[in-house]
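Chain identifiers are assigned alphabetically (A, B, ...) following the order of the sequence lines, protein sequences preceding nucleic acid strands; residue numbering begins at 1 within each chain. Everything quoted here is computed from the prediction, not taken from an experiment.
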Amino acid sequence: MSGLHLARRGFLVMSSTGLLLGTRTLAAATPAAPSRKAAFTQRFLEIAPDGTVTVFAKHLDMGQGIWSGLAAIVAEELGARWNQVRVVGAPARMPDYAHTVFGSQTTGGSTSIANSWDQLRAAGATARAMLAAAAAARWQVPAASVSIADGMVTSGARSASLGRFAAAAARLPVPGNVPLKDPAQFTIVGQRRPRLDLPDKVRGRTGYGLDTNWPGIKALVVLHPPRFGATLIDHDPTAALALPGVLAVEPIPTGLAVIGETTWHALRGRAALVATWDETTAETRSTAAIMAAFKAQMAGEPPTAETRSGDAATVLEADGSVIEAQFEFPYLAHVPIEPLSVAGRLSGGRCVLRSGFQSQTSNQANAARILGLPVEAVELETVPAGGSFGRRADFGPDWFDELVYALKATDGRWPLRLMWSRDDDIAGGHYRPMTLQRLRAVLDEDGAIAAFDQSIVGQPCFPLPAGAPKPKEPSIGVTIGHFADQYACQASRLAWWYPEVGVAPHTYRAISNNHNGIAKEIFVDRLARAAGVDPVAYRLSLLGHEPRQQGVLRLVAEKAGWDRPLAPGLHRGVAVHRADDSHVAQVVEISGTPEHFRIERVVCAIDCGLVIDPDTVLSQAEGCIGFGLSSALYQEITMDASGLVEQSNFHDYRILRMPQMPRRIEVHIMPSAARPTGVGEPPSVPVAAALVNALEAMGAPPVTRFPLIRKGVA
Amino acid sequence: MTGSPPAYDRASDTLPLALRGRLRETCGHAMTPTPPGPIRLLINGQVHDLACEGEMPLVWALREVLGLTGTKFGCGAGQCGACTVHIDGRAVRSCSIRLDDVHGPVTTIEGLEGPVAGRLFDAWDSLQVAQCGYCQPGQVMSAAALLADNARPDDAAIDAAMAGNLCRCATYLRIRAAIHRAATA
Amino acid sequence: MIRAGALLLPALLIAGAAIATNAPPERANDLRSPESFATIADPTARSRALFGEMARVIEHPRCLNCHPATREPLQRDLEPHMPPVDMTVQSRAMECQTCHHDANTPTYAGGVASIPGAHGWKLAPASMAWVGKSPRAICEALKDPARNGKRDLAAIHEHMAQDHLVGWAWHPGGTLAPVPGTQARFGALVQAWIDSGAACPLD
């Protein structure tokens, strides 16, 4: 199942590259970015004579801690000392740094550890074997007598820093099939250890993409059309160019590039631009009108694609006791706090780009195509990103392409740093798609699901290429995590309608789990009520084929004291979900009234297989809970009757702030020796449903749409 | 923390003798019309004469003229707190103040020092607060301003003081815990 | 705490928004002169009418936003202030001057074109909470030295006619609507109200 869904998703994401790789051996690898001081350089690591180990991370760290996670795997097998390890972003280079499932250099789907696990263990173990061989030769002892741990190479009474043998090891042939450590012997993997990137981040020393200050660099902002799909007809840059510090105004495919001495000068110049737009192909409907069209489509058109198991329709039509729910989920913007940004310079037929790249292969290929350069002439420096939540994945044309077009339009006259202002970001499309859901079920006399039907209208979060035929089967970009995929149904149908909408969709944390998981978990609670069964027991009864979901449910119930009555004034709800092959259950406890409530506690249980760093799991789960609550409580992108986006900044597109956080979050990790799976997305899913279930237990009317809190309240 | 910054009065242009030097920075273009004179700012103990427009928000001068990129830009509208600096020891969103309105010594994350700052950094490190980290310099600046006023803040005081600092990764509970730890260390 | 007043329902407005806040559009920039009230012969009736005209300024969001019912300021059209500010737990990490300085700051951040600013930006004292109050209740609070900062009528006139923070309301910057008229015209109305007996309107 896991390999299949990863592969299918990878295909959808990266269909342009098509290359599917297994784990390559080190022998075929070429050095990454050898530094002058390195004595030993391979694809995923280099070792300096002083023992410093530099790990080349093929994935983007956008907050999920993956740079430290990847380094821990290498360090474990190598026997490095943690405080001698550092991490840098690997260059963009295929096939060396390809995602082993997706087939291109990219980060997503909470798969970074899962797809790197074998590869990096082999990389570390191979280097260890070579260092041991070099030490054995030097010390004239059997290689088997040499051990490496905590940065030290040891044989009998002899001992030295592993850096001492780096140069000698580099001259040895690269062995194949080096034995890996027994996980029972792990000393780094599985332990809480300081993340390598955090001290610099907190002290303001980390250079994010937006912090790029190359000599002579100028700032770039882009004037976009007010409505999605409009194109530039004409513009008058006179007033903008008359302002001091405004250097150039250049048309590019997505709007007008404005170059200034600083971002402020560019923004001021942009505000002075006069432009006219052709809106004949623009999306001019309101989100309300689009949702109405979704409802008409579901009611009146055959689905674009459907899957069936058994004959649910007959049961649903024959039975008078159908339980039904409908949910509307809004467009969501990702709003990473580091605005979308990329720096670039172009000279001598080479282009250097610097940003928190999430789709290096795609970005590199697009830059090369736009500039008419060979791919090898485009160099990407991947630095940490100030959040992404899916937004930095490339489904172009997007912010990244704008910088490249501006470099081209100005012939590389200046190094440029593009920034999308917050209103560009919030009103700029590339949203978690808006969806309409209808779930229907008939229960048998035991409360089991005799027939189930789920109807979904919405764009897939992986945009279809222009002109591509509609998919013939339900796209996982809109249906993953659907009800019948997780709960036992005797007969079921999943129907999907693809709507024509002029708003660019985009992947968003946990992709379509982030609406399907919520709809599923609210609905199953209502089924439990209809069946007169406790919500935890009811779920357990439908998850006999999902022992790991059952496991986290039992764990969360135990830790939350589900079998004991709550203190007076408290209400609670539960939810469970599988996403990215990880399993998460959460219990939310609230006090107050539906009109004025407080989230007192969230208890979370997660099974993500073998854990690389338990504190990173805790941290991601805590953050995911806050992230899921932000969307559930506050967030929605709306368009007015003329198609203009109504939100522009954090005053009207709200992120949960500290006072609204749950007072306590408790995260419990299910011990597991299964292969490691993701933690960056799955815990963001159940919390919204658990909150709604708690609110409904408190007496709130049934929820039919998100967000829960609309305009006009603090 | 800034400790007790040297007295500095831009209006009378008097400079304390202890200042280490003066840097001249330009916004990179011939100013038209020529401003009345460079804008003199005291930042992290160093005097800078900026040939920039007086209506430019401080954040851009820090980040793109002076290269002090530890102060982050997030929203440009006083909504997120990523650009928080201290002016005269008080938290200020540097996106929301014009250079002309800066009337006291500026401390950025790069210049934040002293025992309280040390305890804050230690707490942030040991509790592994950050995720993407982008908002965290601003969080630390707000926390330092809070502790300067209130050495032992309770949850309510912390929540109120930190309500202007967004964290999209939602590290809030660890931020709150780190402030408590720094306050009691 | 999560305030969900409108939980699950389309936009309910917060309590204070029930007050009529905006002048009719055609008069948005027009404040009647004191002279135009001369036709009202009875001084008390004239005084009440003058206060009614003053209330178009006093009850404007530019003024009410900083005279909220709680110690939490409002913004724009009596909307909750974002970021949330609770002046009962003020510290130098979060105070008015964290964002509001000596002048409006143009941001070029769409949707928030300008951060309002004037020297000494502050919330009115709790005794001067006006949001949710009737014009009569506001008028009575305005005249009450126990609640108005120990001001006599002359001092109230000075505050209304001269104070630069009050004056900001005519020059709010960005996309914010100014209060009607001019501060000078408003000052003249206040003086005429005082001269006619400073009567408060009937509810």
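- Proximity of A:R268 to B:E55: side-chain heavy atoms (C-beta onward) are separated by under 4.5 Å at one or more points.
- The contact between B:I158 and chain A is made by backbone and side chain atoms together, counting heavy-atom distances below 4.5 Å.
- Between the side chain of B:Q136 and the backbone N or O of A:K201, no donor-acceptor pair lies under 3.5 Å.
- Side chain of A:N213 to main chain of B:R63: a donor-acceptor pair is present (N/O by atom type, distance under 3.5 Å, no hydrogens or angles).
- Contact annotation for A:D615: both backbone and side-chain heavy atoms come within less than 4.5 Å of a heavy atom of chain B.
- Between A:T263 and B:F73 there is no side-chain heavy-atom pair separated by less than 4.5 Å.
- Looking only at heavy-atom pairs under 4.5 Å with chain A, the residue among B:A156, B:C135, B:A61, B:P57 that has the most is B:P57.
- Residues A:Y208 and B:Y134 share a closest heavy-atom pair of OH-N, 3.3 Å.
- For the options B:A163, B:G70, B:A77, heavy-atom pairs under 4.5 Å to chain A are most numerous at B:A163.
- Considering only heavy atoms from C-beta on, B:Q79 stays 4.5 Å or farther from A:Y653 through its side chain.
- Interface remark: A:R664 contributes backbone atoms only to the contact with chain B (heavy atom separation under 4.5 Å).
- When all heavy atoms are compared, the tightest approach of A:G204 to B:I109 is CA-CG2, 4.0 Å.
- Under the 4.5 Å side-chain criterion, counting only non-hydrogen atoms from C-beta, B:V129 is not in contact with A:V202.
- Across all non-hydrogen atoms, the minimal contact from A:I655 to B:R168 is CD1-CD, 3.7 Å.
- Residue contact with chain B, scored on non-hydrogen atoms closer than 4.5 Å, involves the backbone and the side chain of A:P199 alike.
- Annotation: the span from B:W60 atom CH2 to A:H265 atom NE2 amounts to 11.5 Å, rounded to 0.5 Å.
- Residue B:R176 touches chain A through both its backbone and its side chain, counting heavy-atom pairs closer than 4.5 Å.
- The candidate with the highest count of non-hydrogen atom pairs below 4.5 Å against chain A, out of B:A130, B:C80, B:G78, is B:A130.
- Note: A:R203 leads A:R417, A:R422, A:R203 in heavy-atom pairs under 4.5 Å with chain B.
- By the 4.0 Å N-to-carboxylate-O rule, B:D159 lies too far from A:R657 to be salt-bridged with it.
- Residues that satisfy the side chain to side chain donor-acceptor pair (under 3.5 Å) test with A:S684, not counting sequence neighbours, are absent from this structure.
- The side-chain heavy atoms of B:C132 and A:E338, taken from C-beta on, include no pair separated by under 4.5 Å.
- Taking 4.5 Å as the limit, every side-chain heavy atom of B:E64 sits out of range of all side-chain heavy atoms of A:E261.
- Heavy-atom pairs under 4.5 Å with chain A peak, among B:Q139, B:E110, B:M56, B:M162, at B:M56.
- Note that the CG atom of B:L173 and the CD atom of A:E622 stand 6.5 Å from one another [nearest 0.5 Å].
- For A:R205, no part lies under 4.5 angstrom from a heavy atom of chain B.
- No other option in B:D125, B:D155, B:N165 has as many heavy-atom pairs under 4.5 Å with chain A as B:D125.
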Mind running side-chain contact (heavy atoms from CB on, under 4.5 Å) on A:L618 and B:Q128 for me, showing each step along the way? CA-CA 11 Å; A:L618 267 47; B:Q128 299 278 293; over 6 Å; no

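- Neither the backbone nor the side chain of B:T108 has a heavy atom closer than 4.5 Å to any heavy atom of chain A.
- Put simply, the side chain of B:C167 does not reach to within 4.5 Å of the side chain of A:F627, judged on heavy atoms.
- Per-residue counts of heavy-atom pairs under 4.5 Å with chain B were compared for A:G386, A:C624, A:P662, A:G387; the largest is that of A:G386.
- The one candidate from A:Q64, A:R195, A:Q620 that meets the side-chain hydrogen bond (donor to acceptor under 3.5 Å, both in side chains) condition with B:Q131 is A:Q620.
- A distance of 5.0 Å separates CE in A:M658 from CD1 in B:I179, rounded to the nearest 0.5 Å.
- Summarising the geometry of B:A82 relative to A:I337, their closest heavy-atom pair is CB-CG2, 4.2 Å, with the distance given to 0.1 Å.
- Heavy atoms only, all atoms of each residue included: B:A170 and A:G626 are closest at CB-CA, 3.7 Å.
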